[in-house]
Protein chains: 2
Amino acid sequence: MVHIGIIGVGLVGSELITQLSAYNKSFKVIALLNSTKQLLSNSHTPLDLSNWKNDLNTKGTKSDLTSFINYLSEAPTPSIVIDNTSSQEIANSYPLFIEKGLHIVTPNKKAFSGDLKLYKEIIEKSREKKSLVYHESTVGAGLPVLSTLTDLIRTGDKVIKIEGIFSGTLSYIFNEFSKFDGEKKKFSEIVKIAKENGYTEPDPRDDLNGLDVARKVVILGRLAGKDLSLKTLPVENVVPEPLRTLSSATEFMSSLPQFDEHFEKLNATANNNQQVLRYVGVIDPIGDKSEVKLVSLPSSHPFASLKGSDNIIAFTTQRFPNPLIIQGAGAGAAVTAFGIFSDLFKISDRYFK
Amino acid sequence: MVHIGIIGVGLVGSELITQLSAYNKSFKVIALLNSTKQLLSNSHTPLDLSNWKNDLNTKGTKSDLTSFINYLSEAPTPSIVIDNTSSQEIANSYPLFIEKGLHIVTPNKKAFSGDLKLYKEIIEKSREKKSLVYHESTVGAGLPVLSTLTDLIRTGDKVIKIEGIFSGTLSYIFNEFSKFDGEKKKFSEIVKIAKENGYTEPDPRDDLNGLDVARKVVILGRLAGKDLSLKTLPVENVVPEPLRTLSSATEFMSSLPQFDEHFEKLNATANNNQQVLRYVGVIDPIGDKSEVKLVSLPSSHPFASLKGSDNIIAFTTQRFPNPLIIQGAGAGAAVTAFGIFSDLFKISDRYFK
């Protein structure tokens with residue numbers, strides 16, 4: 001039996017609980033915590049999850065990370081804490097979780113893309129305490145991106161370049177905006193549709209500024225042995241300069257049409273060369289050419305034919321001079337929870353042969 | 001320490017030894033066997049691999065699978081036997097290997113695509129004896145195909161369809177033959193070039209008959225819970241009927257140009273509809289539409305833009321209605337050995353947390 005405590009029960013957390021309940025073997029959820037409440041089972045028995053939302057509200061006590069972690073760490077090994085938040089504060093506590101003998105599974109990018117000192121502390125402590133820290137869902141959600149990179153590296157392949165479209169939102173926006181055929185829409189219209197469908201952050205500038213992609217580039221870079229940092233990584237912010245300081249998303253959305261011509265010019269230049277615009281992240285594990293940028297790609301490039309909000313990641317290595325490519329939905333609750341669940345199996349595999 | 005015995009030291013086996021030697025930690029090769037000779041170390045210490053080819057020839061004794069397996073099974077746990085052959089006879093011995101407490105890693109398709117009784121015996125025995133049987137390299141070489149399918153299934157996703165181009169040889173032949181632009185060559189010329197470059201089997205009919213693709217379809221189908229069989233799977237044999245009975249590859253190659261017109265007609269029909277010809281395998285885990293066939297695909301299809309001899313595999317599932325796609329080199333010693341090496345790590349992970 002694997003004991004599980006879940007921090008964060010929003011969209012991804014709820015979906016994970018649904019997936020775990022359907023499976024209903026080996027994995028035993030014994031604790032839930034959100035920003036206000038927590039629900040701990042009795043004596044490390046499984047929680048009845050049939051009505052967990054209501055139970056958390058009515059039977060839950062005040063949220064207290066310390067007692068939550070202590071309860072989990074007192075369960076028989078193995079115990080896993082799942083962090084479904086995007087909280088820096090919880091990420092800062094990973095070394096403590098590891099000290100307490102817990103394994104960690106998370107889609108939270110903060111610990112792996114932020115302060116390098118925290119990252120190294122987590123890696124070192126996890127080795128020392130034989131704790132496992134899996135975070136497949138931080139890049140491309142459930143797509144097997146980090147597991148593939150790990151396999152390439154540990155079997156001695158030499159990674160030459162990793163390139164990808166790492167944001168479902170920016171994938172959708174540029175796939176819709178920059179194409180050879182089909183109906184053409186204005187840039188601001190596409191952003192509006194994306195926002196209305198919930199594809200963007202509440203303020204779409206939080207997608208368009210490239211920070212989310214930059215975090216994924218840093219995560220892959222570090223895994224490939226290059227100590228990238230958000231502070232020094234060149235990142236192209238697609239938000240037009242005058243719109244960056246506007247105080248609200250509403251103001252941004254109403255001003256964006258003024259820049260449709262600017263985006264249309266970029267697109268026309270690309271199209272005239274039989275190319276399309278794509279927002280890519282590049283990881284250069286050997287040199288210093290890692291970056292995040294809007295580029296023009298020829299129609300024959302695998303990224304040019306991308307559809308919908310798919311992610312795509314291409315690994316060019318010594319063994320794969322023609323890159324190994326992984327493509328598919330890289331955002332959304334179902335596929336993110338799938339990535340978390342796969343990581344849970346990877347930990348449980350090590351205990352139950 | 002993981003103890004390893006290697007059966008088959010041809011192209012793939014040699015490359016694996018090179019990769020393992022470069023890594024040089026945790027994995028300890030203690031026995032080698034080919035069709036004539038075997039080399040066992042002393043008291044389960046690692047073999048010195050610096051000059052293994054010569055050592056096998058000069059110090060090796062007569063090949064004897066029984067003593068080889070016994071030696072391996074007497075080593076401290078875990079011990080893994082790697083079968084790099086394509087031998088049915090060795091595949092038939094997997095249940096015995098498992099009985100002896102060995103784990104198995106192999107790119108040999110025979111056990112997983114042949115007799116269903118053997119397959120089920122291997123699955124059941126491996127569960128009972130807690131032996132691990134990994135065969136990632138049987139489909140798409142080192143591409144993470146079987147691991148991804150396993151993760152999808154065990155986390156409760158519902159696989160709706162798996163479709164792919166599973167033969168590097170047929171990928172190359174049809175990518176070159178059926179395309180919208182670039183130099184056009186005759187079908188027989190392309191097969192000739194492929195043969196001369198070593199992309200085909202000694203007799204290219206062994207690629208064109210579709211049996212190799214059929215084996216991969218059966219492997220994926222069984223993993224997805226459908227008991228497919230080579231005996232009943234519909235497989236389109238691309239070899240023109242009159243050429244199937246010719247007794248030699250030389251005769252086949254010299255007669256193939258007579259059918260260039262036949263292939264050109266197929267291609268022209270596809271091209272006139274803005275489509276290209278591709279040789280695909282389809283797995284239908286729910287119904288009975290699994291098959292192997294030559295199809296026409298529109299230019300926007302992800303399989304249409306495939307290059308070189310790449311494989312491509314698309315998983316359509318409940319969570320990935322827009323398919324999860326994996327693409328890259330699916331044949332060759334370096335990437336096949338990479339798949340085997342990744343499997344070795346998956347076993348060793350379970351012992352050394």
Side-chain angles (χ1 to χ4, degrees), chain A residues 18-20 22-24 78 103 130-132 136 142-144 147-148 150-152 154-157 181 299-302 304-305 307-310 312 314-315 317-329 332 334-335 337-347 349-353, chain B residues 18-20 22-24 78 130-132 136 142-144 147-148 150-152 154-157 181 299-302 304-310 312 314-315 317-329 332 334-335 337-347 349-353:
Chain A
T18 305
Q19 291 187 12
L20 283 169
Y23 183 73
N24 198 24
H103 302 298
K130 297 188 190 284
S131 256
L132 299 162
E136 183 63 87
L143 300 176
S147 56
T148 299
T150 302
D151 278 342
L152 289 168
R154 66 181 182 168
T155 61
D157 200 358
D181 38 33
S299 58
S300 61
H301 193 284
S305 52
K307 299 255 173 359
S309 58
D310 273 3
I312 187 165
F315 299 93
T317 75
Q318 202 162 44
R319 294 181 198 142
F320 291 95
N322 208 15
L324 188 170
I325 296 175
I326 295 167
Q327 177 181 342
V335 294
F338 159 58
I340 296 169
F341 201 173
S342 298
D343 280 348
L344 292 179
F345 268 109
K346 283 179 183 88
I347 294 177
D349 278 349
R350 293 178 177 231
Y351 284 89
F352 309 102
K353 282 185 260 295
Chain B
T18 305
Q19 291 187 13
L20 283 168
Y23 182 75
N24 200 25
K130 295 188 190 285
S131 255
L132 299 162
E136 182 63 87
L143 300 176
S147 56
T148 298
T150 303
D151 278 342
L152 289 167
R154 65 181 183 170
T155 62
D157 200 359
D181 38 32
S299 59
S300 60
H301 194 285
S305 52
L306 209 62
K307 299 255 173 2
S309 58
D310 274 3
I312 187 164
F315 299 94
T317 76
Q318 202 163 42
R319 294 182 198 142
F320 290 95
N322 208 14
L324 188 170
I325 296 175
I326 295 168
Q327 177 182 343
V335 294
F338 158 59
I340 296 168
F341 201 172
S342 298
D343 280 348
L344 293 179
F345 267 109
K346 284 180 182 86
I347 294 176
D349 279 350
R350 292 177 177 232
Y351 284 88
F352 310 100
K353 282 184 254 299

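Chain naming here is simple, since letters A, B, ... match the order of the sequence lines and numbering starts at 1 in each.
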Problem - Shortest non-hydrogen separation from A:Ile325 to A:Pro302 and the atoms involved - result: CD1-CG, 3.8 Å
Fill in the blank from the handout: Ranking A:Phe341, A:Phe345, A:Phe315 by heavy-atom pairs under 4.5 Å to chain B gives rank one to A:Phe345
Completion exercise
One should read off an interatomic distance between A:Leu132 CG and A:Leu344 CG, to the nearest 0.5 angstrom, of 11.5 Å
Exercise for the section: Give, for atom CD of B:Glu136 and atom CD1 of B:Ile340, the distance between the pair rounded to the nearest 0.5 Å. Expected result: 11.0 Å
Practice task
Give, as side chain, backbone, both or neither, the part of A:Asp157 having an atom under 4.5 angstrom from any heavy atom of chain B.
Solution key: neither
Practice task
May I ask you to decide whether A:Lys346 forms a salt bridge with B:Asp349, counting only side-chain N to carboxylate O separations under 4.0 Å?
Solution key: no
Completion exercise
Given B:Gly308, B:Ala329, B:Ala337, the one with more heavy-atom pairs under 4.5 angstrom with chain A than any other is B:Ala329
Handout entry: Among A:Lys307, A:Arg154, A:Gln318, residue most engaged with chain B (heavy-atom pairs, under 4.5 Å)
Key = A:Arg154
Problem - Proximity breakdown for B:Asp310 and chain A, heavy-atom pairs closer than 4.5 Å - result: side chain
Problem - Minimum side-chain heavy-atom gap A:Arg350-A:Lys130 below 4.5 Å - result: no
Handout entry: Student check: side-chain heavy atoms of A:His103 and A:Pro78 closer than 4.5 Å
Key = yes
Practice task
Against chain A, work out which of B:Thr155, B:Ile347, B:Leu324 has the most heavy-atom pairs shorter than 4.5 Å and name it.
Solution key: B:Thr155
Completion exercise
In terms of heavy-atom pairs under 4.5 Å with chain B, the winner among A:Thr150, A:Leu152, A:Thr148, A:Ile312 is A:Leu152
